Amino acid sequence: MDRVFQLFSSWHVIRWMGLLAFFFFTISLAFGMLGRFNRFRRHKGLFQLIHISSSWAGINACLVHMLILMIDRYQPYTFAAIFVPFVSDYMRAATSLGMISFYLLLVVLFTSDLLMSRLKRSVWKAVHLLVFPSWLLMLGHALWMGSDTSAWWGKTLYGTAVVVILTLFVFYLIDRQANHKRQLIVMEAQAPDDAGNALRRFLK
């Protein structure tokens, strides 16, 4: 019975919520990139649903992870130490990485859900790219501060996440370059027709 209560102690809940937050944000980032691939265009709606749902699930898990720190007996945090970077006395740099990651994700979600229709697409896309440094900061926070980093399953989790995201990112860049080349070919193919139409309009 004591083991059951230990599983729901503040320290364990903080651990599991932190791991869930990282898992959900990794899923969100992965499906966000998959949804941009032309070969998966017919599944874009499903990928977008997973992308958005896992983002909000990650934010909620992250909030629980942060707030329970205030009641943790082992290393309690003040409100300022949780929400203000570089204020905490305990592992200040590692703690701050997690906070900055959280705020970057909030900016991305806020602009995507509330301001997307009001922002220029170029601005929205630039802001949305903050997910990459945010995820890297979260990974750094987890590796530096996580108590499960040295465990075999912790290494497997973080190692798999890095391999998946890096692989998808490389293929995402390749796919974007291929799309750009296709657009140039189409533009070059249409150019003579456009020039001929302009000449005919001039002669008329």
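What you see is a predicted model; the values in this text were computed from it and never measured.
- For the side-chain contact (heavy atoms from CB on, under 4.5 Å) test, residues two or more places apart in sequence or in another chain that qualify with Tyr103 are Phe83, Pro85, Met99, Leu106.
- Grouping the Ile, Leu, Val, Met, Phe, Trp and Tyr side chains by contacts below 4.5 angstrom, directly or via other members, places Val13 with Met66.
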Report task. Just do the side-chain contact (heavy atoms from CB on, under 4.5 Å) check on Leu166 and Val170 with the steps written out, would you? Result -> CA-CA 6 Å; Leu166 282 178; Val170 169; 5.5 Å; no

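- Taken from CG in Asn60 to OG in Ser55, the straight-line distance is 11.0 Å, to the nearest 0.5 Å.
- Side chain of His51 to backbone of Ser28: a donor-acceptor contact under 3.5 angstrom is found.
- Under the 4.5 Å side-chain contact rule for hydrophobic residues, Leu136 and Leu104 share a cluster.
- More than 12 heavy atoms of other residues, nucleotides or ligands shown are found within 6.0 angstrom of CH2 on Trp153.
- Under the ring pair (Phe, Tyr, Trp, His ring centres under 6.0 Å) criterion, Phe132 pairs with Phe169, sequence neighbours left out.
- Judged purely by atom type and a 3.5 angstrom limit, His141 has no side-chain atom pairing as donor or acceptor with the backbone of Leu97.
- Of the N and O atoms on the side chains of His128 and Ser112, at least one donor lies less than 3.5 Å from an acceptor on the other residue.
- Partners of Arg42 according to the side-chain contact (heavy atoms from CB on, under 4.5 Å) rule, which considers only residues two or more places apart in sequence or in another chain, do not exist here.
- Residues passing the side-chain contact (heavy atoms from CB on, under 4.5 Å) test with His43 are Phe47, sequence neighbours excluded.
- The main-chain N or O of Ser88 is never found under 3.5 Å from a side-chain atom of Thr95 such that the two would form a donor-acceptor pair.
- Note that CZ of Phe23 is 9.0 Å distant from OG of Ser54, once rounded to the nearest 0.5 Å.
- Under a 3.5 Å cut-off, the side chain of His65 and the backbone N or O of Met17 do not form any donor-acceptor pair.
- Taken together through direct or relayed side-chain contacts under 4.5 Å among Ile, Leu, Val, Met, Phe, Trp and Tyr, Ile100 and Val87 form parts of separate hydrophobic clusters.
- For Tyr90, the ring pair (Phe, Tyr, Trp, His ring centres under 6.0 Å) test picks out no residue, with sequence neighbours left out.
- Under a 3.5 Å cut-off, the side chain of Ser101 and the backbone N or O of Trp135 do not form any donor-acceptor pair.
- Between Lys155 and Thr149, the closest side-chain pair of non-hydrogen atoms is not below 4.5 Å.
- The structure places OG1 of Thr26 at 12.0 Å from CZ of Phe31, a figure rounded to the nearest 0.5 Å.
- At a threshold of 4.5 Å between side-chain heavy atoms, the hydrophobic network of Ile, Leu, Val, Met, Phe, Trp and Tyr places Leu63 and Val108 in one connected group.
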Report task. Could you please spell out the steps behind the side-chain contact (heavy atoms from CB on, under 4.5 Å) verdict for Ile59 and Phe24? Result -> CA-CA 9 Å; Ile59 282 288; Phe24 281 127; over 6 Å; no

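- For the atom pair CD1 (Ile71) and CG (Leu69), the distance works out to 9.5 Å, reported to the nearest 0.5 Å.
- In this view, Phe110 satisfies the ring pair (Phe, Tyr, Trp, His ring centres under 6.0 Å) rule with no residue, not counting sequence neighbours.
- Remark: of the listed residues Phe22, Trp152, Trp144, Phe22 is the sole one forming a ring-ring contact (aromatic ring centres under 6.0 Å, His included) with Tyr158.
- Note that CD1 of Ile82 and CE of Met70 are 5.0 Å apart. Values are rounded to the nearest 0.5 Å.
- The backbone N or O of Leu130 sits nowhere less than 3.5 Å from a side-chain atom of Ser134 that would complete a donor-acceptor pair.
- For the atom pair Leu46 CG and Gln48 CD, the distance stands at 10.5 Å (nearest 0.5 Å).
- Residues Val163 and Met33 are members of separate hydrophobic clusters, defined by side-chain heavy-atom contacts under 4.5 angstrom among Ile, Leu, Val, Met, Phe, Trp and Tyr.
- Side-chain atoms of Ser53 come within 3.5 Å of backbone atoms of Leu49 as a donor-acceptor pair (strictly under, hydrogens ignored).
- Side-chain atoms of Phe171 and Leu168, non-hydrogen and from C-beta on, never get closer than 4.5 Å to each other.
- Residues Ala21 and Gly58 come closest through the heavy atom pair CB-O, 3.8 Å.
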